[in-house]
Amino acid sequence: MKKFLAILSLLALVLQIGCAGDITGVITLKGTPPGERELTPIRDTAECSAMYPGALPKTKFYVVGAGGELADVIVYLKGVPSASTGASAAPVVLDQKGCLYTPQILAVQTGQKVIVKNSDPCVHNVHTKPAANPEVNQVQMSGGADLTFTFDKPEPFLKFQCDVHPWMFAWVSVFDHPYFGVSGADGKFTIKNVPPGKYTLEAAHRKLGVQSAEIEVKAEGAAQNFTFEVK
Ligand SMILES: [Cu+2]
């Protein structure tokens, strides 16, 4: 009987791992967001200005498609136990190119490497402005070695800035579990391999705040859309 129970619990475990599903959805923005600002201070800096003989780039606070598809929304499970796999996860790359950070919105796990590159012909300095993690400030010359950052504590929208070029920002959300995704240009997000169960799912946009939904993930996964609104 004991052996039978042991086999049964092992089978249940295998089934549970095998049945982890994906959470998918689409983020939509209703209404017209405020216009983006042209980054005019670029003209004050010869080395950056030279890269833009024509129009200057603009802020990217609201990245919205023609049908309201909203990018750069971080979607994640709230209140799940700490279970970071960051140490073995593939690094995420944050590039400095055209005197801008690319991408500007990222998400990583605690312990996961953020590799910062300098693809520009000028010097940058990479300065983090965290709330929960230690502050770091490092100069990176043109053609200099990549810098590597890791974060021990979860926190939303940890700011990266360049003090040489005060319009350069990126925001990195840090989680202590792997259950998050970032919406793309099509507004879609995916959170992979979530064990079946009931969860609180949150969607956070840096300018539009946080929305929440109660969901149940089954073996085949779950679907949940979010709509943000600007008045
Ligand atoms: Cu810079």
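Numbering of residues begins at 1 and proceeds along the displayed sequence. These numbers were taken from a predicted model, which means no experiment stands behind them. Ligands are counted one by one from 1 in listed order, and the atoms in each one are counted from 1 as well.
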K.L.:
Rounded to the nearest 10 degrees, what's the angle SD of M168 makes with SG of C162 at the Cu ion (ligand 1)? Could you check?
P.N.:
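Output for this angle: 110°, rounded to tens.
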
K.L.:
My understanding is that only residues two or more places apart in sequence, or in another chain, count here; which of them pass side-chain hydrogen bond (donor to acceptor under 3.5 Å, both in side chains) with T24?
P.N.:
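With neighbours one apart ignored, the set is empty.
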
K.L.:
Verify whether the ring centers belonging to F149 and F160 lie closer than 6.0 Å.
P.N.:
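Yes: the rings meet the under 6.0 Å criterion.
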
K.L.:
How is the N/O/S atom of H124 that comes nearest to the Cu ion (ligand 1) named?
P.N.:
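For H124, the N, O or S atom at the smallest distance from the Cu ion (ligand 1) is ND1.
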
K.L.:
Rounded to the nearest 0.5 Å, what separation is found between the NE2 atom of H124 and the CD atom of Q96?
P.N.:
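Interatomic distance, H124 NE2 to Q96 CD, rounded to 0.5 Å: 5.0 Å.
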
K.L.:
Can you list the residues that meet the side-chain hydrogen bond (donor to acceptor under 3.5 Å, both in side chains) rule with R43, with sequence neighbours excluded?
P.N.:
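For R43 the side-chain hydrogen bond (donor to acceptor under 3.5 Å, both in side chains) partners, ignoring immediate neighbours, are S49.
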
K.L.:
When you measure from the Cu ion (ligand 1) to each N, O or S atom of H165, which atom gives the shortest distance?
P.N.:
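Among the N, O or S atoms of H165, the one closest to the Cu ion (ligand 1) is ND1.
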
